[in-house]
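In each ligand, atom 1 is the first atom listed, and ligand 1 is the first ligand listed. What you are looking at is a predicted structure, and each value in this text was computed from that prediction instead of being measured.
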Amino acid sequence: MKIINVVGARPNFMKIGPIVRAMNRYSQIEPVLVHTGQHYDEKMSKLFFEDLELPEPDIYLNVGSATHAQQTAKIMIEFEQVVEKERPDMVLVVGDVNSTAACSMVSAKMGVKIVHVEAGLRSFDRRMPEEINRIVTDALSDYLFVTEQSGIDNLKNEGVDESKIHFTGNVMIDSLIHFLEKAKNSGIRDRLKVNGHPYALVTLHRPSNVDVRENLTRLLDAFKLVEKDLKIVFPVHPRTRKMMKQFELDSVIDSMSGLILTDPIGYLDFMNLMQNATVVLTDSGGIQEETTYLGIPCVTMRENTERPVTVDVGTNILVGTNTDLVVENARKVIDGNWKKGRIPELWDGKAAERIVAVLAREA
Ligand code: UD1
């Protein structure tokens, strides 16, 4: 059984690693790794392949950055040729990036079965490009592997046949568990001179936060206040770097002496920074889950989340772009006043094994 595994952007790489490893244990499965090239910078892609010990992609599509329509269309044109040539039995996609939806649409029209890992998540906010990608991909998928109960509920409400839905846990947490020990030795805190110092770890890249001047300014104002109490480590996404320049906010950044800005950093270094942070301030989807697993307080700078288990069970709260709420909550953490959180059901490092066991039954 030939299965094409698709990756495109940074948050895909840590999800595909455990799946490829699990597939390699089945002689009846022939995995083919396709990288669309949605993310292409060394620090957004190659570094992750190295850290995550991923095999070189069998096929690289080199699509690069563009508008949503252009990028999605380019991926579809290239991927159609791949499916034509490879004739896979299944195409497996992860997460919610443009590559996920584009490859699903191609596969559906070519009659190839689609496997969606991380299905059913909904923010119910269609201004998010990822929400559109999630809805499209789930509507077309034949196997829907879900990370949390809300995913099952959402899919059932949308009329997805129950026989297609499998609650298998979280493959991103599989990667985290697999690399946790290795990440402890990354040495990044020495390199950034924060070893032994309390610090907040910040990530910011959602278009709604960084492409809107007032929102980005409000959040930088919040960091300015948090920085009075804690050092801040902020690896900057290329989109955010571009927008800070465009909005001429570099001077605000320069005025913060406790702020350590870095280029995007690799998987192991980032896990190390997360494990040792006092608090994480983020607008990422995956980081809400990783902090919940690690029991690290997480303040999410968004109005909604497609991963409600991180709020209901985990260590996460939502604060939007409200400067006061960001600062207030960071102070709460410093005062030791934060919920404890639990690890959600089936986030045990074995999600990929369960997923591949289901697929292997079809071989
Ligand atoms: C994409 C995903 C988002 C995910 C994020 C993680 C979609 C719709 N969005 O958003 O869900 O959370 O990745 O990083 O798929 N750029 C570079 N180098 C790169 C890649 C991008 O410089 O290797 C720059 C380009 O200027 C590009 C911009 O970053 O225009 C945005 O990249 P893009 O892939 O369009 O979206 P992300 O914001 O990265």
Side-chain angles (χ1 to χ4, degrees), residues 6-16 34-52 57 60-76 78-79 93-105 116-119 121-123 125-138 172 175 202-212 215-216 234-247 262-267 270 274 280 282-291 300-302 304-307 310:
V6 176
V7 289
R10 187 168 62 175
N12 294 160
F13 305 136
M14 52 292 254
K15 293 172 192 165
I16 217 72
V34 173
H35 187 334
T36 65
Q38 177 177 344
H39 283 176
Y40 43 86
D41 277 349
E42 177 145 347
K43 287 178 177 152
M44 298 295 284
S45 177
K46 188 163 179 280
L47 198 49
F48 283 79
F49 272 72
E50 288 165 9
D51 276 1
L52 292 159
Y60 185 68
L61 303 181
N62 200 19
V63 298
S65 300
T67 66
H68 281 273
Q70 286 169 354
Q71 188 175 60
T72 306
K74 269 193 202 165
I75 298 168
M76 289 180 73
E78 297 296 324
F79 192 66
V93 294
V94 295
D96 54 16
V97 302
N98 285 345
S99 302
T100 312
C103 293
S104 299
M105 281 191 279
H116 186 204
V117 173
E118 205 184 84
L121 298 180
R122 295 288 180 270
S123 65
D125 178 357
R126 292 197 180 186
R127 290 167 305 175
M128 281 180 86
E130 293 81 5
E131 183 75 353
I132 311 290
N133 292 337
R134 291 189 278 260
I135 292 167
V136 168
T137 305
D138 285 342
M172 201 188 52
S175 264
V202 170
T203 81
L204 201 59
H205 77 286
R206 288 255 100 77
S208 56
N209 280 340
V210 304
D211 293 4
V212 182
N215 291 352
L216 184 54
F234 184 2
V236 188
H237 187 282
R239 173 190 286 280
T240 312
R241 178 80 72 183
K242 199 165 78 184
M243 297 318 292
M244 288 196 305
K245 213 180 179 68
Q246 192 170 314
F247 296 146
T262 74
D263 281 341
I265 57 176
Y267 182 74
F270 193 80
M274 201 160 39
V280 175
T282 191
D283 63 2
S284 150
I287 292 170
Q288 297 173 56
E289 298 186 332
E290 288 163 334
T291 47
T300 296
M301 298 172 287
R302 286 175 49 186
N304 51 51
T305 180
E306 62 287 339
R307 294 160 159 90
T310 61

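For Y40, there are no ring pair (Phe, Tyr, Trp, His ring centres under 6.0 Å) partners two or more places apart in sequence or in a different chain. Judged as a side chain to side chain donor-acceptor pair (under 3.5 Å), and not counting sequence neighbours, S104 has no contacts.
Checked against a 3.5 angstrom limit, the closest N/O atoms of H237 and ligand 1 fall inside it. Taking distance alone, with nitrogen or oxygen atoms compared against 3.5 Å, H68 stays at or beyond that limit from ligand 1.
Scanning all protein heavy atoms for the shortest distance to atom 28 (C) of ligand 1 gives R239 CB, 4.2 Å. Summary of contacts: the protein heavy atom closest to atom 20 (C) of ligand 1 is H39 CD2, 3.3 Å. Regarding atom 24 (C) of ligand 1, its nearest protein heavy-atom neighbour is P238 CB, 3.7 Å. At the shortest separation from atom 5 (C) of ligand 1 among protein heavy atoms lies H205 NE2, 3.6 Å.
Contacts of S99 with ligand 1, taken as heavy-atom pairs under 4.0 Å, are absent altogether. Contact annotation: for E130 versus ligand 1, heavy atoms closer than 4.0 Å belong to the side chain alone.
Taking a cutoff of 4.0 Å between a charged side-chain nitrogen and a carboxylate oxygen, E50 and K46 qualify as a salt bridge.
The aromatic rings of H35 and F49 lie parallel to each other, their planes meeting at an angle below 30°, with 60° marking the opposite boundary.
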